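Remember, it's a predicted structure, so these values are computed and weren't measured experimentally.
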Amino acid sequence: MPKKSPNETSPVAHFEQSLEELEQLVEKMEAGDLSLEQSLSAYERGVGLYRQCQQALEQAELRVRLLSDPARPDTAESFDPPSHDG
């Protein structure tokens, strides 16, 4: 069985392309020039792109955690920014 390249299988590899397409869809929808049917199609496509981007970010975070501590990725530091209370 031939091995696929990482670009063909990894959502991380397509993140920037998906994000750019999502931004273009939002711009078209905000312009208000689309028919209702076109808007619904654009929204549906946008939801799919959003999910792809979210999955890619989750996989990227997992990869970073694995690189930080391959034996214990669940103990890696969170990516949350520190809160500045008071």
Side-chain angles (χ1 to χ4, degrees):
M1 175 185 280
K3 188 175 181 178
K4 291 184 179 180
S5 72
N7 290 345
E8 293 177 12
T9 59
S10 172
V12 175
H14 298 291
F15 174 79
E16 288 186 22
Q17 179 181 356
S18 295
L19 186 59
E20 184 177 328
E21 185 178 345
L22 182 57
E23 289 172 348
Q24 290 172 0
L25 278 174
V26 169
E27 287 177 14
K28 286 180 185 178
M29 292 177 72
E30 286 179 342
D33 296 333
L34 301 177
S35 68
L36 178 58
E37 185 63 35
Q38 291 171 325
S39 294
L40 288 172
S41 294
Y43 180 79
E44 183 177 15
R45 177 68 180 144
V47 169
L49 289 167
Y50 169 78
R51 289 179 181 156
Q52 288 175 8
C53 289
Q54 191 66 30
Q55 182 181 12
L57 290 173
E58 289 170 3
Q59 286 191 8
E61 181 177 356
L62 177 60
R63 287 171 66 182
V64 169
R65 286 176 183 257
L66 289 172
L67 289 170
S68 297
D69 189 353
R72 299 176 58 189
D74 56 324
T75 63
E77 295 277 327
S78 174
F79 285 9
D80 295 334
S83 63
H84 298 290
D85 294 339

| Considering only heavy atoms from C-beta outward, does the side chain of Gln54 approach that of Arg51 to under 4.5 Å? |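 Contact flag for Gln54/Arg51 side chains = no.
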| Same apolar cluster (I L V M F W Y, side chains within < 4.5 Å links), Met29/Val47 | yes
| message | In this structure, would Leu34 and Tyr43 fall into the same cluster of hydrophobic residues linked by side-chain contacts under 4.5 Å? | response | yes
| field | Within 6.0 Å of CD in Glu16, more than 12 heavy atoms from elsewhere | value | no
Starting at [atom1] of [X], measure out to [atom2] of [Y] and round the result to the nearest 0.5 Å.
| X | Y | atom1 | atom2 | value |
| --- | --- | --- | --- | --- |
| Arg45 | Glu21 | CZ | CD | 4.0 Å |
| Cys53 | Gln17 | SG | CD | 10.0 Å |
| Glu61 | Leu66 | CD | CG | 10.5 Å |
| Gln24 | Leu19 | CD | CG | 10.5 Å |

| request: Kindly give the heavy-atom pair with the smallest separation between Leu22 and Leu49, and that separation in Å. | output: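 Residues Leu22 and Leu49, closest heavy atoms: N-CD1, 3.7 Å.
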